[in-house]
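Worksheet: one structure, shown below.
In the text below, chain A, chain B and the rest are named by the order of the sequence lines, each starting its count at 1. Note that the structure is a prediction, hence the values are computed from the model and not measured.
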Amino acid sequence: MGDFIKHPFVDAPDRNPAPLIPGDQLVFTSEEKKQIQTWISRYPTADGAIMRALWLAQEKFSFLPPEVIKLVAEEVGIPYANAYGVATFYTQYFKEKKGKHVLDVCTCFSCQLCGGYDMLHYIEEKLGVHKGETTKDGLFTVQEAECLGACGTAPMLQITNGTFVHNLNKDKVDALLDALREGKMPAFTSVTLPQDEDEMGGNRRTDVNSVESYIVPPVSETVS
Amino acid sequence: MEEKKTKAGDWRSYQRVLLPPVKDLHKLDVYEKHEGYKALREVLTTDKWDPTSVTNEVKKSGLKGRGGAGFPTGLKWSFMPPVDPNIPRFLCCNGDESEPGTFKDRQLMEYNPHLVFEGMLIASYAMSIKTGYLYIRGEFADWITLMEEELEKAYAKGYVGKNIMGSGFSCEIVIHKGAGAYICGEESSLMSSLEGQRAYPRVKPPFPAQKGVWGYPTTINNVETLTCVPLIINKGGEWFSKIGASSHPGPVLYGISGHVNRPGVFEYPTGMLISDLIDEVAGGMRGGKKLKALIPGGSSTPILRADQIVGVTMDADSLRDAGSMMGTSGMLIMDEDVDIVSWLRRITQFYHHESCGQCTPCREGTGWLENIVTRLDEGNGQLRDLDILLDLCTQMEGRTVCALADAAAWPIRYTIDRFRSEFEAKCRPENVPSGGVLETA
């Protein structure tokens with residue numbers, strides 16, 4: 001029973017860590033500053049724009065170490081503590097450096113019942129890492145994600161807070177990893193509504209290149 | 001041979017209204033050709049409508065919120081205080097959609113974004129609001145891009161912005177991108193998130209209509225709720241109130257996932273028989289297996305056993321009588337092979353991860369729930385653990401600022417209640433560690 005309590009005591013974070021982004025790179029361009037000002041103008045107070053500004057910073061620097069959060073806070077014009085609080089609250093802001101592609105494999109219960117853990121374990125085995133870890137070449141980070149809102153196309157994963165990959169199976173994972181290694185990002189995929197298929201014979205959006213449909217979910221082999 | 005009439009009426013010949021079968025409806029010009037922004041034009045430019053009459057029409061329609069709680073929308077709107085030109089008012093459209101098992105609002109954003117904007121604009125007019133925020137969860141990055149493109153086109157055509165259609169009514173729509181937190185679907189926490197703070201829920205009262213975002217009167221509605229509003233204006237509240245179950249009328253997007261042959265989002269009236277939804281709409285159970293259980297509307301709604309759904313329809317009253325809730329109508333169907341304890345373990349893991357950490361009963365309680373259910377699932381449990389779990393639930397329910405603690409406790413309470421034998425089977429006497437005292441529950 002000794003290992004029943006799973007929560008270890010957590011050390012307080014280092015208050016003055018060494019910066020991970022060199023000082024000369026730690027600037028916003030004038031376009032980015034303008035963009036942040038546009039966002040600020042849409043809210044009664046500047047605070048509202050902090051989430052978008054942090055997104056912008058994360059896209060630029062790929063993660064949010066304290067110095068980047070400080071830069072964003074200064075640009076938006078709010079206290080650093082507020083910005084730090086926001087950045088550490090939300091799971092999609094990366095506080096430490098991740099791989100080039102972050103694979104968020106959904107294992108929440110709809111995906112769990114339809115093989116989400118099979119896919120997670122398969123990816124873990126294939127890349128030789130556990131969830132939460134980054135491959136040695138710095139290309140992939142595998143994460144277990146909570147419900148991503150695509151339960152009908154379970155199992156599924158999301159690539160670096162962006163594109164969804166629906167109806168996963170082993171072949172699809174293989175192809176996806178190969179494509180990502182070659183630097184090809186999968187396109188936005190529109191999932192056809194079953195009623196549209198009946199009434200219109202296919203997807204209603206003619207402007208998307210990648211179309212999939214809802215299919216019978218696979219049988220799950222592992223449950224957790 | 002006349003078939004027994006269900007509350008949903010002749011649903012097999014139902015014509016979809018939220019997602020009508022029109023190619024490229026997301027494009028502004030196509031949307032305009034199909035009565036797009038007609039309701040807004042009528043509301044803004046004809047004398048027939050003023051803010052009060054719009055609210056009354058929505059009240060007459062009997063529209064209930066589609067975000068989970070099922071609160072009457074018209075009534076919610078009428079809670080807004082009288083207009084004071086010095087005090088700004090806000091509308092928030094809740095597109096956070098983070099309840100596990102729910103994936104309906106995404107389809108509206110992908111296939112009919114202008115209906116969402118039109119609904120927001122009419123709601124803003126009814127409550128004399130000048131700014132509407134559309135909060136979309138950060139995971140839907142692609143859909144946020146799509147929505148922003150369409151919003152820009154609507155701005156360019158003058159449907160959104162200053163002096164819409166020359167009526168003197170101005171309204172801005174701002175799309176706010178979240179960053180991955182389940183709690184943001186809760187209305188007061190959504191407001192905190194919008195203000196650029198940690199998304200901690202707030203104590204109610206004061207309710208959002210009195211003190212909402214930035215302390216100003218605010219109304220928060222779900223995406224699907226607001227998309228119903230233009231339809232109510234176009235076709236009348238009476239038409240709407242006659243769709244589906246009379247106590248909970250209107251079209252609903254049923255998101256069916258799990259062990260069925262044809263999962264997906266289906267638009268049908270409320271009051272559909274659950275058995276019809278599984279057997280006909282969703283193409284039956286996968287591999288011809290038997291149904292074991294289902295949740296009717298997202299993870300926090302109580303689970304129903306297969307024998308509990310006989311004759312039950314998808315509307316608030318019928319589901320309440322059956323011992324569950326309508327929730328978000330995101331249904332998860334489970335076949336006979338599902339291990340309920342493992343499934344529950346994943347749910348407790350979810351709530352433990354997503355508890356915001358503000359209130360102690362929830363922050364600590366969700367962790368203990370996960371620990372104990374994990375112990376049970378791994379076969380190390382004792383019968384008394386079930387009592388500990390139920391006791392924990394009692395200590396969590398209703399003792400926190402928001403309903404997340406309740407939402408975490410309900411699945412435990414109802415799953416143990418309805419599948420007790422499965423839990424007991426996992427804690428057989430021989431599994432009790434030596435020295436452990438086995439108590440009979």
Side-chain angles (χ1 to χ4, degrees), chain A residues 1 4-7 42-52 54-55 76 78 82 85-86 89-93 107-110 112-114 146-154 158 161-164 188 190-191 193-196 199-200 204-207 213-217 219 223-224, chain B residues 16 19 21-26 88 97-98 100-103 106-107 110-111 137-142 174 176-182 194-199 214 255-259 261-267 286 299 330 332 334 338-339 342-343 345-347 350 353-354 367 371 375:
Chain A
M1 298 294 275
F4 180 51
I5 297 171
K6 284 189 183 162
H7 310 293
R42 292 179 184 164
Y43 297 91
T45 60
D47 302 51
I50 183 67
M51 289 184 73
R52 270 298 171 97
L54 285 170
W55 272 116
V76 177
I78 66 167
N82 279 16
V86 172
F89 185 86
Y90 298 94
T91 46
Q92 283 192 298
Y93 295 133
T107 59
C108 207
F109 59 67
S110 294
Q112 175 203 14
L113 296 184
C114 301
E146 298 297 348
C147 188
L148 293 167
C151 313
T153 45
Q158 183 178 29
N161 295 332
T163 315
F164 281 19
F188 167 72
S190 181
V191 183
L193 297 170
Q195 280 170 310
D196 281 356
E199 291 169 33
M200 291 193 279
R204 59 169 67 216
R205 285 186 79 119
T206 54
D207 56 349
S213 30
Y214 287 100
I215 57 166
V216 190
V219 178
V223 284
S224 57
Chain B
R16 288 183 289 163
L19 292 166
V22 177
K23 283 261 180 203
D24 281 330
L25 191 62
H26 64 282
E97 193 168 60
S98 36
T102 311
F103 51 111
R106 195 173 49 117
Q107 324 287 335
E110 184 173 340
Y111 296 124
R137 66 185 297 194
E139 283 90 342
F140 290 171
D142 287 341
V174 178
H176 187 94
K177 185 179 181 182
Y182 167 71
L194 206 55
E195 290 174 15
Q197 297 167 9
R198 291 168 77 86
W214 292 283
I256 304 178
S257 65
H259 300 152
N261 283 325
R262 209 165 77 129
V265 172
F266 300 87
E267 186 193 327
R286 180 185 70 186
S299 60
L332 174 73
M334 289 175 264
V338 171
D339 182 346
S342 291
W343 174 79
R345 173 183 174 181
R346 189 64 188 83
I347 291 197
F350 171 80
H353 183 261
E354 297 297 343
N371 280 343
R375 179 164 70 183

Could you look at [X] and say if it's the side chain, the backbone, both or neither that has a heavy atom under 4.5 Å from chain B?
X      : answer
A:A150 : both
A:E199 : side chain
A:L54  : neither
A:M200 : both
A:S213 : neither

Apply side-chain contact (heavy atoms from CB on, under 4.5 Å) to the pair B:W343 and A:Q112, showing each step before the final yes or no. CA-CA 8 Å; B:W343 174 79; A:Q112 175 203 14; 4.0 Å; yes
Please rank B:P100, B:P263, B:A179, B:G180 by heavy-atom pairs under 4.5 Å with chain A and give me the top one.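 Looking at each of B:P100, B:P263, B:A179, B:G180 in turn, B:A179 comes out on top.
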How far does OH of A:Y214 sit from OG of B:S257, to the nearest 0.5 angstrom?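 Here the rounded value is 9.5 Å.
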Hey, are B:R16 and A:D196 close enough for a salt bridge, meaning a charged N less than 4.0 Å from a carboxylate O? yes
Hey, does B:E139 have a side-chain heavy atom less than 4.5 Å from the side chain of A:N161?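 Counting from C-beta outward, A:N161 and B:E139 never come under 4.5 Å.
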Stepwise, does the side-chain contact (heavy atoms from CB on, under 4.5 Å) test hold for B:V174 with A:R42? CA-CA 7 Å; B:V174 178; A:R42 292 179 184 164; 3.9 Å; yes
Charged tip of A:R204 within 45° of B:Y111 ring normal and under 6.0 Å: yes
What part of B:W214 gets closer than 4.5 Å to chain A, counting heavy atoms only: side chain, backbone, both or neither?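 Only the side chain of B:W214 comes within 4.5 Å of chain A.
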Looking only at side chains, do B:E110 and A:S190 share a donor and an acceptor under 3.5 Å apart? yes
